Amino acid sequence: MKTELEELLAQALARLEGSTLGVPVDRSTIVVERARDAQHGDYASNIAMRLAKAAGLRPRELAEAIVAALPASPLLASVEVAGAGFINFYLAPAAQFDTLRCVLEQGERYGTSDAGRGQRVMVEFVSANPTGPLHVGHGRQAAYGATLANLLRATGHAVQREYYINDAGRQVDILTASVWVRYLQAAGSTLPFPQNGYRADYVNAIAASLRAARGATLEHSLADVLEGLPADAPAGDKELYIDALIARMRALLGAADYEAVLELSLAAMLADIRADLAAFGVEFELWSSERALARSGAVERTLARLAALGQTYEKDGALWLRTTTHGDSEDRVLVRANGAQTYFAPDLSYHIDKRARGFELMIDVWGADHHGYVDRMRAGLVALGEPGECFEVCLMQFVSLYRGGEKIPMGKRDGQFVTLRQLREEVGNDACRLFYLMRSHDQHLDFDLELAKSRSNDNPVYYLQYAYARVASVMKQLAARGLAYDATEALANLGRLDGPHEAAILTALRGYPDVIAMAAANRTPHTLVHYLRELAQAFHTWYNAAQFIVDDGATRNARLALAQGVQQVLRNGLALLGASAPESM
RNA sequence: GCGCCCGUAGCUCAGCUGGAUAGAGCACCGGCCUUCUAAGCCGGCGGUCGCAGGUUCGAGUCCUGCCGGGCGCGCCA
């Protein structure tokens with residue numbers, strides 16, 4: 001609709017060229033927007049104000065001239081000049097009703113487009129270290145990433161969702177050692193738990209499955225384990241201690257058994273994470289392993305390419321990447337003086353691998369605490385000859401949990417954090433999804449458990465689902481009264497939808513495709529939540545003001561058609577958000 | 001010290017890439033169920049858009065400088 005109106009304006013301006021207007025008008029300056037206020041019609045353009053100065057006319061005068069030059073169109077009921085020089089378009093009733101026809105005809109496809117032209121996009125999200133269960137912050141990233149992928153798909157992009165498993169770093173060794181210590185303790189060992197270990201309950205569970213798999217074959221005496229180890233914190237250094245413990249464990253068990261413990265621990269953690277996300281309705285096309293990438297030699301190839309391109313140099317025994325020449329604030333280390341790679345090296349290699357796999361755009365969803373890494377990653381890609389625009393990061397701000405106005409402390413230390421699973425079990429998946437997505441991603445999120453659980457009118461989850469269920473209920477009532485919906489009669493009598501409430505709903509339905517397009521383009525799923533709330537509100541208002549099941553068949557069927565249009569869009573929107581649409585509540 | 005994000009009604013937040021009289025929800029006050037689900041609806045109350053400049057026809061939105069809050073600044077991951 002917007003583009004049709006813009007085309008009309010372009011024709012009008014072309015007629016004025018050479019007379020009222022001197023120079024031809026750049027097509028991109030002709031913009032039509034949905035009117036924010038119903039008093040301003042259905043669509044509005046500010047083109048007269050933008051061109052007034054160049055034309056040497058007052059905005060309103062120019063607007064009048066443009067309106068006079070507009071070709072006739074069946075789409076329009078009237079066009080007015082208002083305010084400082086706005087041109088307001090009022091759609092003809094037939095055009096309004098076409099919206100509803102579209103919704104009913106297109107069904108679940110309503111709102112989708114091919115704007116993305118099949119662009120290959122990867123959305124990488126969550127990618128939490130497999131060293132513990134997902135917490136509520138990961139939940140937000142999961143909900144956001146999944147919905148962003150849905151939105152991009154709905155707008156014609158070829159989307160792949162991917163989870164990058166950081167299974168190669170020191171953190172995994174710490175998990176392995178933690179499991180082993182718990183395994184020893186379970187057999188009566190008095191070996192103290194390392195200060196820097198993972199001490200939450202899930203480690204005990206993995207230790208138990210380790211015992212089930214290997215019996216006592218991995219046990220060693222306290223004296224053997226402690227031999228040559230430095231003091232742990234607080235007397236000593238907890239980092240030195242855990243590294244020494246890991247080395248000791250490797251020496252005592254041998255490489256093969258050490259790897260076996262590591263594999264078992266990793267597999268247990270990943271199984272937990274995958275099950276958690278699957279239960280949350282979040283799926284990935286690919287779970288990509290850092291260890292697999294490293295074993296393939298990809299990281300070394302990336303380093304070699306960087307060196308060949310003259311992008312690296314050695315200093316103080318370390319290998320540095322010149323990221324500053326590509327917009328980073330300082331150069332970054334790829335390989336440390338001790339020969340070990342930093343995290344940056346495989347990470348960069350992973351992203352260049354994504355490009356090699358043909359993804360034109362890589363969107364990463366990261367926690368806001370990682371914001372300092374955006375520039376270096378992009379710089380690394382540019383150093384390898386990639387365009388900087390191929391990489392985009394959506395930073396997610398933190399989540400604070402509240403219970404009835406009381407903030408819940410979330411120290412990761414001692415494992416005193418609320419997991420995603422606990423949250424889902426307490427408030428339900430739908431509430432989780434919607435609460436996570438209600439706020440802009442660059443806004444801190446206050447998640448109130450009591451509010452999310454409450455079956456009351458201050459809970460936005462129920463507000464949306466209630467609107468959906470109400471339509472379903474009406475259709476059931478219809479059948480109970482021995483009546484049936486007649487689509488043909490409905491479509492022949494859409495003119496009966498002539499009240500202000502009906503008009504508001506038609507306007508809202510017409511805006512849905514724009515909302516989807518914008519939410520996808522701006523990476524802002526929360527605008528969809530707000531839109532659905534407005535649609536539900538328009539529906540609830542109408543529902544309270546009018547009776548749908550009336551004696552007159554023409555009116556009845558027309559109203560039922562509109563109600564089902566609302567239901568369809570609610571269903572489409574909730575599906576994109578990953579929330580259910582219940583038939584009854 | 002430097003970088004990123006945030007600052008809008010008592011509280012939690014929108015504000016559609018610069019538009020018209022700044023909007024919701026909650027809270028508070030007052031109304032609406034013998035009729036399709038009251039998990040709903042209607043009305044009222046509530047604002048110096050952190051502060052000060054600037055850009056222009058027009059600024060909550062863009063620029064600069066302050067103030068306040070969060071996060072990050074390792075040859076950790």
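Quick note on labels: first sequence line is chain A, next is B, and so on, each numbered from 1. All of these numbers come straight from a predicted model, not from anything done at the bench.
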> Dot-bracket, RNA chain B: Watson-Crick or G-U, under 3.5 angstrom, [ ] crossing, | other strand?
Replying inline: (((((((..((((.....[...)))).(((((.......))))).....(((((..]....))))))))))))....
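Looking at A:Q141 and A:M396, their side chains come closer than 4.5 Å, going by heavy atoms from C-beta outward.
Both A:K315 and A:A82 lie close to RNA chain B; mapped to their nearest nucleotides by heavy-atom distance, the more 5′-ward contact belongs to A:A82. Of the residues near RNA chain B, A:M438 and A:N46, the one whose nearest nucleotide (by heavy atom distance) lies more toward the 5' end is A:M438.
The base of B:A77 does not come close enough to the side chain of A:D173 for any donor and acceptor atom to sit less than 3.5 Å apart.
Here A:Y531 lies out of heavy-atom contact (under 4.0 Å) with every strand. Counting non-hydrogen atoms under 4.0 angstrom, A:H40 reaches a base of the nucleic acid. Using a 4.0 Å heavy-atom criterion, one finds that A:A480 contacts no nucleic acid atom at all. Using a 4.0 Å heavy-atom distance criterion, A:N88 is classed as a base contact. Residue-level contact check: A:S329 touches neither bases nor backbone, having no heavy atom under 4.0 Å from any strand. Within 4.0 Å of A:R34, counting heavy atoms only, lies at least one base atom of the nucleic acid. Within the nucleic acid shown, A:A44 comes within 4.0 Å of at least one base atom, counting heavy atoms only. The residue A:Q171 sits close only to the backbone: its heavy atoms come under 4.0 Å of sugar-phosphate atoms, none of a base. Residue-level contact check: A:A52 touches neither bases nor backbone, having no heavy atom under 4.0 Å from any strand. A:A546 comes within 4.0 angstrom of a nucleotide base, judged by non-hydrogen atoms across all strands.
Between A:H530 and A:H526, the ring planes are perpendicular. Angles over 60° get that label, and only those under 30° would be called parallel. Using cut-offs of 30° and 60° for the angle between ring planes, the A:H351 and A:F391 rings count as perpendicular.
For A:R170 and A:D243, the salt-bridge test passes: some basic side-chain N is under 4.0 Å from an acidic carboxylate O.
Within the cation-pi definition used here (under 6.0 Å to the ring centroid, within 45° of the axis), A:R470 qualifies as a partner of A:Y543. A cation-pi arrangement is present between A:R533 and A:Y463 under the rule of less than 6.0 angstrom and at most 45 degrees off the ring axis.
Proximity of A:R336 to the phosphate of B:A77: a side-chain N or O atom is located under 4.0 Å from OP1 or OP2. The side chain of A:R470 places an N or O atom within less than 4.0 Å of a non-bridging phosphate oxygen (OP1 or OP2) of B:A38. Side-chain N/O atoms of A:H540 include none lying less than 4.0 angstrom from OP1 or OP2 on B:U37. Between A:T541 and the phosphate of B:C42, there is a side-chain N or O to OP1/OP2 separation shorter than 4.0 Å.
Evaluation of the salt bridge (charged side-chain N to carboxylate O under 4.0 Å, His left out) rule for A:D232 yields no partner, not counting sequence neighbours.
With hydrogens and angles left out, the side-chain atoms of A:R571 and A:Y468 include a donor and acceptor closer than 3.5 Å.
Centre separation under 5.5 Å together with a plane angle under 30° holds for the ring of A:F86 and the six-membered base ring of B:A20, marking them as stacked.
Base orientation of B:C33: syn, the glycosidic angle falling within 90° of 0.
With hydrogens and angles disregarded, a donor-acceptor distance shorter than 3.5 Å links the side chain of A:E6 to the backbone of A:V32.
Between B:C33 and B:G7, the distance separating the two C1' atoms is 43 Å to the nearest Å.
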> Along nucleotides 2-8 of chain B, 5' to 3', which nucleotides get a B, which get an S, and which get a -, given that the test is a protein heavy-atom distance under 4.0 Å?
Replying inline: -BBSS--
